[in-house]
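Contents: one structure, followed by commentary.
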Amino acid sequence: MAKITRKPAPRKAAMPKKKAKAATAKPSAKKSAPAKKSPKTIKPWTPAEIHEVFSRFRKANPQPKGELEHLNPFTLLVAVVLSAQATDAGVNKATRALFEIADTPQKMLDLGEERLREYIKTIGLYRAKAKNVIALSAKVLSDFGGEVPRTRAEIESLPGAGRKTANVVLNMAFGEHTMAVDTHVFRVGNRTGLAPGKTPLEVELGLEKVIPAEFMLHAHHWLILHGRYTCLARKPRCEVCLINDLCRWPEKTV
C-alpha cells in the first residue's frame, strides 16, 4: 500500500507590527472658545438731542435745588465736606442743630472739635470730618479773611475739600458753571452715553464739553436728581424716565 505523504500547511505571513504611538499627544479635539464679540460702539449724541434732553429737564424742574441744607457759603462748604460717603438726608439731620450755633468759621472754632463731634456723630467718618471742619475753619479765617474763597484751587486747598466739593460750592454759592460729579452723575453720564468716562474727571470734562451753556448753571442738579430718583443704580425706572427715547443704554426696559 502506497504511503501517503501530506505537505505541511504553508505558514501564514507574519502581520506587520503596528507602529508605536507617537510620543507626542495629538492636539485636543475640543473646539476653541469663540472669540468674544467686542462691545457695540454707542452712537454719540447729537447736539440737537442733548439740547432736547436738557430742555425736558428744565421744563420739568425749572429751578432745581441742591438737597444739602445750608445758610451761607460757609455752611454749604461744611455740609459738602460732611456729605462724603454719607447721604444728604443724614447730613441735614445732623447739621440743622449745628448750624444754629456755628454758621461762621469763628463760631465753628469756638465750638471746638470735641463738641463738634457730638453734633455729627451720626455721620460716617465723623471723627476725621470733625478734624477737617475745624482745620478748614481756621484756614478760611487765616488765609481768606473769614470768607469762603471763590476759586477751585483755593477751595481744594482747604482740609477735607476736593474737586467735587469745590465744584458744588462754586456752583451753588457763586453761580459758576461747574459740573460736580458724584456717584449719580457718574452713573448717568456713563449709562446714557452722554459722557462716558472711567473717572469722575473724565465724565465731568465730557459733560462740560457737550452741555450747552444755557443749561450749565443747573445741569449738575438735574443729573444728580435724575440719578437719585429715576436712573437708579440697581433698578432704573426706565418707564417713567423723561429721556428714555433718547437714552443710549442697551439694557433699558422700554
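Remark: F174 CZ to R150 CZ distance equals 5.0 Å, nearest 0.5 Å. We find the CG-CG distance between N132 and L82 to be 9.5 Å, quoted to the nearest 0.5 Å.
Scanning all heavy atoms of the two residues, the minimum distance from G66 to M172 falls at CA-CE, 3.9 Å. Minimum heavy-atom separation, T122 to A94: OG1-CB, 4.0 Å.
Residue L136 is grouped with residue L111 when hydrophobic side chains (ILVMFWY) are merged at heavy-atom distances under 4.5 angstrom, including chains of intermediate members. In the hydrophobic clustering of ILVMFWY residues, with side-chain heavy atoms under 4.5 Å counting as a link, L71 and I120 come out together. Note: the hydrophobic cluster containing L170 does not contain L201 (ILVMFWY, side chain heavy atoms under 4.5 Å, direct or indirect links). Note on L76 and L217: separate hydrophobic clusters, where clusters join Ile, Leu, Val, Met, Phe, Trp and Tyr whose side-chain heavy atoms are under 4.5 Å apart, directly or indirectly. Note: the hydrophobic cluster containing Y229 does not contain V91 (ILVMFWY, side chain heavy atoms under 4.5 Å, direct or indirect links).
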Inset, instruction - With side-chain contact (heavy atoms from CB on, under 4.5 Å) as the test, would you mind laying out the steps for V168 and T165 before giving the verdict? - result: CA-CA 5 Å; V168 172; T165 299; 6.0 Å; no
Inset, instruction - Would you please test R237 and L232 for side-chain contact (heavy atoms from CB on, under 4.5 Å) and show each step? - result: CA-CA 7 Å; R237 303 171 65 213; L232 309 179; 4.0 Å; yes
Inset, instruction - Go through the steps to decide whether R96 and E69 satisfy the test salt bridge (Lys or Arg N to Asp or Glu O under 4.0 Å), and finish with yes or no. - result: CA-CA 8 Å; R96 285 179 192 130; E69 297 173 8; 2.8 Å; yes
Inset, instruction - Check the pair E154, S157 against side-chain hydrogen bond (donor to acceptor under 3.5 Å, both in side chains), reporting the backbone distance first and the verdict last. - result: CA-CA 5 Å; E154 288 172 329; S157 74; over 6 Å; no
Inset, instruction - Given side-chain contact (heavy atoms from CB on, under 4.5 Å), test L141 with L109 step by step and report yes or no. - result: CA-CA 10 Å; L141 281 168; L109 281 178; 3.3 Å; yes
Inset, instruction - Evaluate the salt bridge (Lys or Arg N to Asp or Glu O under 4.0 Å) criterion for residues R117 and E113: first the C-alpha distance (whole Å), next the side-chain angles of each, then the deciding distance (0.1 Å), finally the verdict. - result: CA-CA 6 Å; R117 286 181 197 159; E113 185 177 336; 3.2 Å; yes
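Listed by first and then second residue, the salt bridge (Lys or Arg N to Asp or Glu O under 4.0 Å) pairs that reach into residues 155-179 are R163-E204, sequence neighbours excluded. Sorted by first then second residue, the salt bridge (Lys or Arg N to Asp or Glu O under 4.0 Å) pairs that include residues 207-219, not counting sequence neighbours, are R58-E214. Contacts classified as side-chain hydrogen bond (donor to acceptor under 3.5 Å, both in side chains) and involving residues 244-254 (residues at least two apart or in different chains) are given here: E49-R248, R56-D245.
Shown are K59, H51, E52; of these, the side chain to side chain donor-acceptor pair (under 3.5 Å) with S55 is made only by H51.
Contact annotation: the side chain of L77 approaches that of L158 to within less than 4.5 Å [non-hydrogen atoms, C-beta and beyond]. Between K129 and K131 the shortest side-chain heavy-atom distance does not fall below 4.5 Å. The shortest distance between side-chain heavy atoms of P236 and R191 falls below 4.5 Å. Counting heavy atoms from C-beta on, the side chains of N61 and L225 come closer than 4.5 Å. Side-chain contact between H218 and Q63: present, with at least one pair of heavy atoms (C-beta onward) separated by less than 4.5 Å. Residues M108 and V133 form a side-chain contact, since some pair of their non-hydrogen atoms from C-beta on lies under 4.5 Å apart. Side-chain contact check for P73 versus E147: every heavy-atom pair is 4.5 Å or farther apart.
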Can I get a per-line list of side-chain donor-acceptor pairs under 3.5 Å for residues 97-106, giving both atom names and the distance, sequence neighbours left out?
unit_1 : atom_1 : unit_2 : atom_2 : d
D103   : OD1    : K107   : NZ     : 3.2
T104   : OG1    : K107   : N      : 3.2
Q106   : NE2    : D110   : OD1    : 3.0

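A donor-acceptor pair under 3.5 Å is absent between the side-chain atoms of S83 and the main chain of A86, judged by distance alone. No side-chain donor-acceptor contact under 3.5 Å links R228 to the backbone of H184. Looking only at distances, a side-chain donor or acceptor of N92 sits under 3.5 Å from a matching main-chain atom of E67. Here the side chain of T178 pairs a donor or acceptor atom with the backbone of N167 at under 3.5 angstrom. R187 contributes a side-chain N or O that, together with a main-chain N or O of G227, makes up a donor-acceptor pair within less than 3.5 Å.
Within 6.0 Å of the CD atom in E114, the count of heavy atoms belonging to other residues, nucleotides or ligands does not exceed 12.
Alongside L125, the hydrophobic cluster contains no other residue (criterion: ILVMFWY side chains under 4.5 Å). Clustering of Ile, Leu, Val, Met, Phe, Trp and Tyr by side-chain heavy atoms under 4.5 Å joins L207 with W45, I50, V53, F54, F57, M179, V181, V185, F186, V188, L194, V203, V210, I211, F215, M216, W222, L223, I224, L242, I243, L246.
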